[in-house]
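In what follows, residues are counted from 1 in the order of the sequence shown. Read the numbers this way: they start at 1 and go in the same order the structure lists the ligands and their atoms.
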Amino acid sequence: MDYKVTKDCIGCGLCAGLCPDVFEMSEDGYSHVHANPRDEQTRTLAEEAMTSCPTSAIVKSE
Ligand code: SF4
C-alpha cells in the first residue's frame with residue numbers, strides 16, 4: 001500500500017503531526033511521503049491522516 005500526497009495539499013501539517021513516520025513537510029511547505037508504513041500501527045495512523053486531510057490530498061494505490 002503506497003500513499004501519495006497530491007497537489008491538493010495546502011500544507012496544513014496535520015498528516016505530518018499525526019503520522020510522522022510516513023508524512024513529512026517539505027521545504028516548500030507541502031507534505032510528502034518519506035516512507036510507506038511497514039507495520040499495522042503506522043498503517044492505522046496513516047489511514048487516519050488520509051481521512052483527516054482537509055483537502056483529501058492523500059491518496060493510496062494498491
Ligand atoms: Fe497537506 Fe493534507 Fe497533509 Fe494537510 S493533511 S499537510 S493538506 S496532505
Atom of [X], atom of [Y] and distance for their closest heavy-atom approach:
X	Y	result
Lys60	Met50	CE-CE, 3.9 Å
Thr55	Asp8	OG1-O, 3.0 Å
His32	Val5	CA-CG2, 4.0 Å
Cys19	Ala46	SG-N, 3.7 Å
Thr42	Val22	CG2-CG2, 3.6 Å

At under 4.0 Å between heavy atoms, is it the side chain or the backbone of Asp8 that contacts ligand 1, or both, or neither?
neither

Counting non-hydrogen protein atoms only, what is the nearest one to atom 6 (S) of ligand 1? Give residue, atom name and distance.
Gly13 N, 3.2 Å

For atom 2 (Fe) of ligand 1, find the nearest protein heavy atom and state the residue, atom name and distance (0.1 Å precision).
Cys53 SG, 2.3 Å

Ligand 1 atoms in contact with [X] (distance to a heavy atom under 4.0 Å):
X	value
Ile58	8 (S)
Ile10	1 (Fe), 7 (S)
Ser31	3 (Fe), 6 (S)
Thr55	7 (S)

Can you tell which of Leu14, Leu45, Val33 makes a side-chain contact (heavy atoms from CB on, under 4.5 Å) with Phe23?
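Among Leu14, Leu45, Val33, the one that satisfies the side-chain contact (heavy atoms from CB on, under 4.5 Å) with Phe23 is Val33.
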
Nearest to atom 3 (Fe) of ligand 1 by heavy atom, Ser56, Cys15, Cys19, Ala49: which?
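Closest candidate by heavy-atom distance is Cys15.
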
Is atom 1 (Fe) of ligand 1 less than 2.8 Å from at least one N/O/S atom of Cys9?
yes

Using the side-chain contact (heavy atoms from CB on, under 4.5 Å) rule, take Val59 and Tyr3 through it: C-alpha gap first, then chi angles, then the decisive distance, then the call.
CA-CA 6 Å; Val59 297; Tyr3 289 87; over 6 Å; no

Heteroatom N/O/S of Cys12 within less than 2.8 Å of atom 4 (Fe) of ligand 1:
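For Cys12, the answer is yes, given that an N, O or S atom comes within less than 2.8 Å of atom 4 (Fe) of ligand 1.
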
